[in-house]
Amino acid sequence: MRTSHLTIRKRVLEEKSKISDEEFFTSKEYRAYLTDISEAATKRYRRPIRVFVFADHDDGTVAFTDYSGIYINACNHITWSMPSRRLRSLSIEGLNAHENSHNLFTDNRIAAAYFKKLEQGKFYPKKPTGLRADQKIYAQEIQEALLDETDDIPQMVIFKTAKALSNILEDGYVDARYSYEFPGTPARGIALNNLRYAETVPDIETMINKKFYDHNIVLNLLIQYVRSHEVNNLSGYSGELLDKFMSYIPLVDACVYDEDARSRFETVNYIMIDLWPLMQRCFDDLRDKKKEAQQNQQQQQQAGAAAGPGNAPGNGGA
């Protein structure tokens, strides 16, 4: 061990401490503690996995992992909403466990193959079967939109939706798998973070009133469900968006416990095809925003050209 785990755990439980939580969580000893836990879980990789913890209240980063290790912002909005050092530490250990779960269980090759095929206008691992007549039309329209070089808005929405869905389902899978294989503090930390994250998603009516895009509202409901098995519907909304979400629950429940990553991408394909009419509702708004941004950029360039060196104050003749 790189540090005394007993000492770290005692300091976590201290109600009064001479150092701040920011200093404690970024200390060499605490980072070594997390690294020990990570390597114990991921020893099958036979390579060192370092954990880096930083504390920045102005950085929106929560946690991520790459080839060099795991990075956690101790001051992320989820962890820092906890009322005590003990719960904040549990939250950080949960984030560490979540990133470890991706290292252990996410099949990046399948994900890469999926998005490569999507770029080619194809569904991977296969086009869903058993589609209704209208869904077959939606699937064809998605494939045509992916290959349409005259309008990039539908492509952008398709890829963002596919990415969001795959992340939601994969997070559900790796969290469930890791919690089963490594019960105890890591599993409690994962559950704590998921519950708190789900609480941050607005009520359905609130999202509608704030003009969230319809398909994004459904995605937010799926996030809540996968993380906490509940959705925030205090206003008692009933209608199309909730009906869509409810129809996807059996598919989601089946694929997040399937070890084959392809099952999750099959679910992504089905949900995205079924969501296509809702996704299309945002196209015109996004096109208008793109046009406005282009016009603003053009105006700024023209203003910059007009105020060039020859027209700048002090550059005139005698």
Side-chain angles (χ1 to χ4, degrees), residues 106-107 110-146 153-176 194 197-198 201 204 207-208 212-233 237-283 286:
T106 291
D107 193 331
I110 297 295
Y114 175 84
F115 286 101
K116 183 177 180 180
K117 288 293 185 181
L118 203 62
E119 289 177 355
Q120 299 169 356
K122 300 177 182 179
F123 293 108
Y124 178 86
K126 62 182 179 180
K127 186 176 180 178
T129 57
L131 297 175
R132 303 188 308 265
D134 57 338
Q135 291 173 329
K136 291 179 181 178
I137 295 173
Y138 302 156
Q140 183 63 35
E141 290 177 349
I142 288 174
Q143 291 179 295
E144 291 173 356
L146 287 166
I153 293 300
Q155 296 172 13
M156 179 188 71
V157 175
I158 291 168
F159 271 90
K160 283 190 174 182
T161 302
K163 187 66 175 176
L165 282 168
S166 63
N167 284 342
I168 291 167
L169 299 179
E170 188 64 18
D171 282 350
Y173 167 69
V174 298
D175 281 350
N194 283 342
Y197 183 88
V201 179
I204 301 176
M207 290 190 282
I208 293 173
F212 284 33
Y213 294 139
D214 287 346
H215 72 285
N216 283 341
I217 293 176
V218 177
L219 294 178
N220 281 337
L221 295 177
L222 287 170
I223 290 172
Q224 291 182 79
Y225 176 76
V226 169
R227 288 179 177 267
S228 68
H229 294 284
E230 295 180 357
V231 295
N232 185 356
N233 189 23
Y237 165 86
S238 61
E240 177 189 25
L241 303 180
L242 188 62
D243 291 343
K244 283 285 185 187
F245 157 72
M246 295 293 290
S247 70
Y248 303 147
I249 289 180
L251 295 170
V252 171
D253 285 346
C255 76
V256 297
Y257 294 105
D258 193 327
E259 292 186 12
D260 189 344
R262 288 171 294 188
S263 70
R264 283 179 286 287
F265 284 103
E266 289 175 353
T267 301
V268 169
N269 289 334
Y270 181 87
I271 293 177
M272 187 164 61
I273 289 169
D274 193 62
L275 277 179
W276 180 240
L278 274 66
M279 294 161 63
Q280 290 177 296
R281 294 174 189 174
C282 73
F283 290 173
L286 289 173

Item to check | Rounded distance [0.5 Å steps], CG in Leu222 versus CG in Leu169 | outcome: 7.5 Å
Checklist entry - With a cut-off of 6.0 Å (strictly less than), are more than 12 heavy atoms of other residues, nucleotides or ligands near CE of Met246? => result no
Checklist entry - Just wondering, more than 12 heavy atoms not from Phe159 lying within 6.0 Å of its CZ? => result yes
Next on the checklist: Please report the interatomic distance OG1(Thr106) to CD(Glu170), rounded to the nearest 0.5 Å.
Outcome noted: 3.5 Å
Next on the checklist: With rounding to the nearest 0.5 angstrom, report the CG to NZ distance, Leu219 to Lys160.
Outcome noted: 12.0 Å
Checklist outcome for this item: For Ile217 and Ile208, the nearest pair of non-hydrogen atoms, with its separation, is CD1-CG1, 3.8 Å
Checklist entry - Quick one: does Lys244's side chain have a donor or acceptor within less than 3.5 Å of a partner on His215's backbone? => result no
Checklist entry - Could you state the interatomic distance from OH (Tyr248) to CG (Asp243), rounded to the nearest 0.5 Å? => result 10.5 Å
Item to check | Distance-minimising heavy-atom pair for Asp107 and Ala261 | outcome: CB-CB, 4.0 Å
Item to check | Note, Phe123 side chain near Glu266 side chain (heavy atom, < 4.5 Å) | outcome: no
Item to check | Side-chain donor or acceptor of Gln143 paired with backbone N/O of Lys122 under 3.5 Å | outcome: no
Next on the checklist: Surrounding NZ of Lys117 (heavy atoms of other residues, nucleotides or ligands, distance under 6.0 Å), is the total greater than 12?
Outcome noted: no
Checklist entry - Any side-chain heavy-atom pair from Trp276 and Ile137 closer than 4.5 angstrom? => result no
Checklist outcome for this item: For Ala111 and Phe265 the tightest heavy-atom approach is CA-CZ, 3.6 Å
Item to check | Distance, nearest 0.5 Å, that separates CG of Asp214 from CD of Gln280 | outcome: 12.5 Å
Checklist entry - Considering all heavy atoms of both residues, which atom of Leu241 and which atom of Val218 are nearest to each other, and what is their separation? => result O-CG2, 3.9 Å
Next on the checklist: Tell me whether Glu230 at atom CD has more than 12 heavy atoms from other residues, nucleotides or ligands lying less than 6.0 Å away.
Outcome noted: no
Next on the checklist: In the structure I gave you, are the side-chain heavy atoms of Met207 and Asn216 within less than 4.5 Å of one another anywhere?
Outcome noted: no
Checklist entry - Would a 4.5 Å heavy-atom cut-off, applied to side chains only, mark Ile168 and Tyr225 as touching? => result no
Next on the checklist: Quick check with a 6.0 Å cut-off and a 45 degree axis cone: is Lys163 positioned over the face of Phe115's six-membered ring?
Outcome noted: yes
Item to check | Leu251 and Thr267, any side-chain heavy atoms less than 4.5 Å apart | outcome: yes
Checklist entry - How about Tyr138 and Leu275: do any of their side-chain heavy atoms sit closer than 4.5 Å? => result no
Checklist entry - Looking at CD1 of Ile273 and NZ of Lys136, how far apart are the two atoms once the value is rounded to the nearest 0.5 Å? => result 11.5 Å
Item to check | Heavy-atom closest pair, residues Pro128 and Asn269 | outcome: CG-CB, 3.8 Å
Item to check | Side-chain heavy atoms of Ile158 within contact of Met279, under 4.5 Å | outcome: yes
Item to check | Contact summary for Asn232 and Val201, nearest pair of heavy atoms | outcome: ND2-O, 3.4 Å
Item to check | Ile110 and Arg264: CA distance, side-chain angles, deciding distance, side chain to side chain contact (heavy atoms under 4.5 Å, CB included) verdict | outcome: CA-CA 10 Å; Ile110 297 295; Arg264 283 179 286 287; over 6 Å; no
Checklist entry - With a 4.5 Å limit on heavy-atom distance, are the side chains of Tyr114 and Arg262 in contact? => result no
